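Bear in mind the structure is a predicted one, so any value in this text is a computation, not a measurement. Scope of the values below: all heavy atoms of this structure, side chains included, with no hydrogens, waters or symmetry mates. So that the names make sense, note that chain A is the first sequence line, chain B the second, and so on, each numbered from 1.
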Amino acid sequence: MNPKSHSTIRLATALLLAAASFEAALEAAPGDRKNSTVRDVARHDDLSNKLRMAQQKDPLVELGPAAGKVEEDPSVKNAPSDFIENSTVISYRGFLTFVPKQALLHVPEKHEPRLEIEKGAKVQTFQQFLARNRGWIRTIEVSREQALGHKPFPEATVEAIKNSSSIVVATYQKGPISVLPPKEPEEEENDALLGESTSTPEIR
Amino acid sequence: MNHSFLRSLLFSPLAFLALATPAPADDDYTFFIRQVQMPDELIWDVAVDQEGSQLSPLAINPNGARFELWTVKSSPLTSYLLDTTYVNSYVPVADVTITSEDPYEVIPRTRADQPFTVTIDVQGLSADPDAPDAAKGVKLLRHVQSYGADGNGININRNLATLLSQGSLESNGTFTLQYPVTSIPGADRTKVRGEERISVFSYEDYQAPESQLASRFIQIWPLAESTVTGIEDGDTIKGNAPRLTIDLNDLYPDSYTYAQVYKGSPQLGSDGALVPGSALLVDSSVPRDEQLVVENWDSIIEDDGEWTLEVLTDTPFGTDRLEYLTFTVKRTIRLNGSVTSID
């Protein structure tokens, strides 16, 4: 018997075994269920009655009366805004990524076309995209206070950002972060007052 | 009071993807976790691995933060919100789980005639009467949404769900809610398909609007139905068994459906012979329609007499008889005549 015949036999045996085990699985399936009682499939009338009974008593309502802004659906009204609309895109050569709006600290004119969505480009995380494009994207780690606009950047940093030939992205712990405009002293005072007047009572 | 603390956040995009609207068929989806500080809307995209957990290094104080888990599909470029939760120093932590008789773990699911159980766990509510409302209670929402006649939930807009009922909780603990059957709208209750969603929201206060603390949904699939053509109730088979066509609709995503025959009149629970070529195993995430053609099944109806043909479907909820009919086999030829001789 030549090797080809052996292969043919092995293949046939494998197929037979596979078919047998599939058939066995089919045969075994009905008995495997924990509830083997057979019944006629439920009809519309049965389910309508069941629903009528169920609707008389909603256990969720019984936990406590509706409260808060009951006339509004917060899952719709306060739903987060769309991720793409709330981001700035950076795309290049078939790949693109998103960073929060206000995370780009500097975009040289020559790189502005890269802030358009490239049709058909594959989406990557910022870290993946950065690894491919370090030649023209720079990151600058910012503090939480700087991101909130509470603390200005040192002048030297501002100059370096302004003169960079790369796109500069603000990051916090390597993740892109929006940088809010610097707050005027008046706003800071208001914030401080707000903090005092609305401080959370101690929770016991 | 010092509000400065970091809250642990579990990052498991793959687990959440299971709850996503889109079907995760390939690597066309990229995940982003976004931390939005309240109320200034400072936004930070967390650098995370595909799976795992970590402590958020960006302090959420003083006004709390909303964590959002997004997946973005490359083509067409679309973003889907998979989950979101609001975290603040005094706002309670909530968890929702939904279970049914179907042990499928990817997405909780059940059938239009079956019950399901909702478990709500709330911790961190304050008993202090002077605490803000958002620290003393949470609001509960129940939404229902139909997928439509043949829908399976792909690309549905969850903002269009119907807010069916609202409740509230003012004490910590684990609360179990039993629902005997779904309330998803639908004229034919056997054909209801859609989802029920239970959510826990914080109350509005000066720091944030009413915000989601936890939310889960269960998918509800219709009951299967079967139509056998090629034979009718009361038919008589005198020659070969006829060619049968079995149309099966809305087979449950985890089901084994088959036809069997046995001698005698119909009786639930009878053990019959499997009609060759009529067995179908479905292991899917959505219901399925199939058409089976059965031929040459004479070997299982050898004797003359009355027979019953049944179509059965076996699911995690038990075995349901979808259809049955009786027929008579009459193959023995009787000759009425006499023999005479010339004697």
Side-chain angles (χ1 to χ4, degrees), chain A residues 26 29-30 33 35-42 44 47-48 50-51 54-55 58-61 63-70 73-76 78-80 82-84 99-100 117 120 122-127 144 147-148 172-178 180 195 198-204, chain B residues 1 30 40 42-47 57-58 62 68 70 72 74-75 77 79 81 84 90 113 126 128 130-131 135 137 139-142 159 163 165-170 175 177-178 180-181 183 188-190 199 201 203-204 206 209-211 223 256 268-269 279 281 314 318-322:
Chain A
L26 290 183
R33 304 289 190 187
N35 182 357
S36 58
T37 309
V38 182
R39 70 208 156 198
D40 277 318
V41 68
H44 167 73
L47 297 180
S48 284
K50 212 170 169 182
L51 176 63
Q55 284 178 334
D58 188 335
L60 183 131
V61 176
L63 286 178
K69 292 189 165 180
V70 292
D73 183 349
S75 71
V76 177
N78 304 330
D82 183 73
F83 179 85
I84 295 172
V99 296
I117 290 174
K122 181 168 170 35
V123 179
Q124 293 189 309
T125 64
F126 176 70
Q127 287 71 27
R144 187 174 176 283
L148 283 166
Y172 181 82
Q173 304 270 336
K174 296 182 181 174
I177 190 168
S178 54
L180 304 183
T198 56
S199 61
T200 310
E202 191 177 348
I203 297 171
R204 290 168 206 158
Chain B
M1 181 179 174
T30 306
D40 295 326
L42 175 79
I43 300 171
W44 178 51
D45 285 349
V46 188
L58 186 62
E68 303 167 359
W70 292 88
V72 182
S74 293
S75 183
L77 191 62
S79 62
L81 179 65
T84 174
Y90 60 84
D113 61 331
S126 172
D128 182 353
D130 296 327
K139 65 187 297 179
L140 310 173
L141 307 178
R142 180 186 178 198
N159 284 346
L163 177 55
S165 57
Q166 300 185 56
S168 62
L169 266 177
E170 290 184 353
F175 304 87
L177 316 179
Q178 303 285 356
V181 70
S183 290
D188 181 349
R189 301 309 301 164
T190 65
S199 311
F201 272 71
Y203 289 132
E204 183 182 54
Y206 66 93
E210 290 181 339
S211 302
L223 277 75
Y256 171 76
L268 269 177
L281 193 61
D314 190 49
T319 304
D320 293 288
R321 183 167 65 174
L322 302 180

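The shortest heavy-atom contact between Q166(B) and L60(A) is C-CD2, 3.6 Å. Between A67(A) and Y203(B), the closest heavy-atom pair is CB-OH, 3.2 Å. Contact record, L42(B) with S178(A): CD1-O, 2.9 Å, taken as the closest heavy-atom pair. For the residue pair R189(B) and S48(A), the shortest heavy atom distance occurs at CG-OG, 3.4 Å.
Between K69(A) and E204(B) there is a salt bridge, since at least one side-chain N of the basic residue sits less than 4.0 Å from a carboxylate O of the acidic one.
With chain B as partner, the option from A147(A), G175(A), G120(A), A79(A) having the largest number of non-hydrogen pairs under 4.5 angstrom is G175(A). Contact tally against chain A (heavy-atom pairs below 4.5 Å) for D45(B), N159(B), L223(B): the top residue is D45(B). For the set A42(A), P80(A), A66(A), the entry with the most heavy-atom pairs within less than 4.5 Å of chain B is P80(A). Ranked by heavy-atom pairs shorter than 4.5 Å toward chain A, the options T84(B), L77(B), L322(B), L169(B) are led by L77(B).
Under the 4.5 Å side-chain criterion, counting only non-hydrogen atoms from C-beta, S168(B) is in contact with P65(A). Looking only at side-chain heavy atoms (C-beta outward), T30(B) and Q124(A) stay at 4.5 Å or farther from each other. For the pair S75(A) and F201(B), the minimum side-chain heavy-atom distance is below 4.5 Å. Here the side chains of D58(A) and S183(B) are not in contact, with every heavy-atom distance at 4.5 Å or above. Counting heavy atoms from C-beta outward, R39(A) and D320(B) have side chains that approach closer than 4.5 Å. For the pair L163(B) and V76(A), the minimum side-chain heavy-atom distance is 4.5 Å or more.
Heavy atoms from other residues, nucleotides or ligands lying under 6.0 Å from NZ of K174(A) number 12 at most.
The parts of S165(B) that come within reach of chain A are both its backbone and its side chain, each placing non-hydrogen atoms under 4.5 angstrom from that chain. With a 4.5 Å cut-off on non-hydrogen atoms, E170(B) does not touch chain A at all.
Note on ring orientation: taking the six-membered ring where Trp is involved, the planes of Y172(A) and W44(B) are perpendicular (angle over 60°, cut-offs 30° and 60°).
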inquiry  = Run the side chain to side chain contact (heavy atoms under 4.5 Å, CB included) test on L63(A) and L177(B) for me, step by step, so that the C-alpha distance in whole Å, both residues' side-chain angles and the decisive distance to 0.1 Å come before the verdict.
reply    = CA-CA 9 Å; L63(A) 286 178; L177(B) 316 179; 3.7 Å; yes
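A distance of 9.0 Å separates CG of L180(A) from CD1 of I43(B), quoted to the nearest 0.5 Å.
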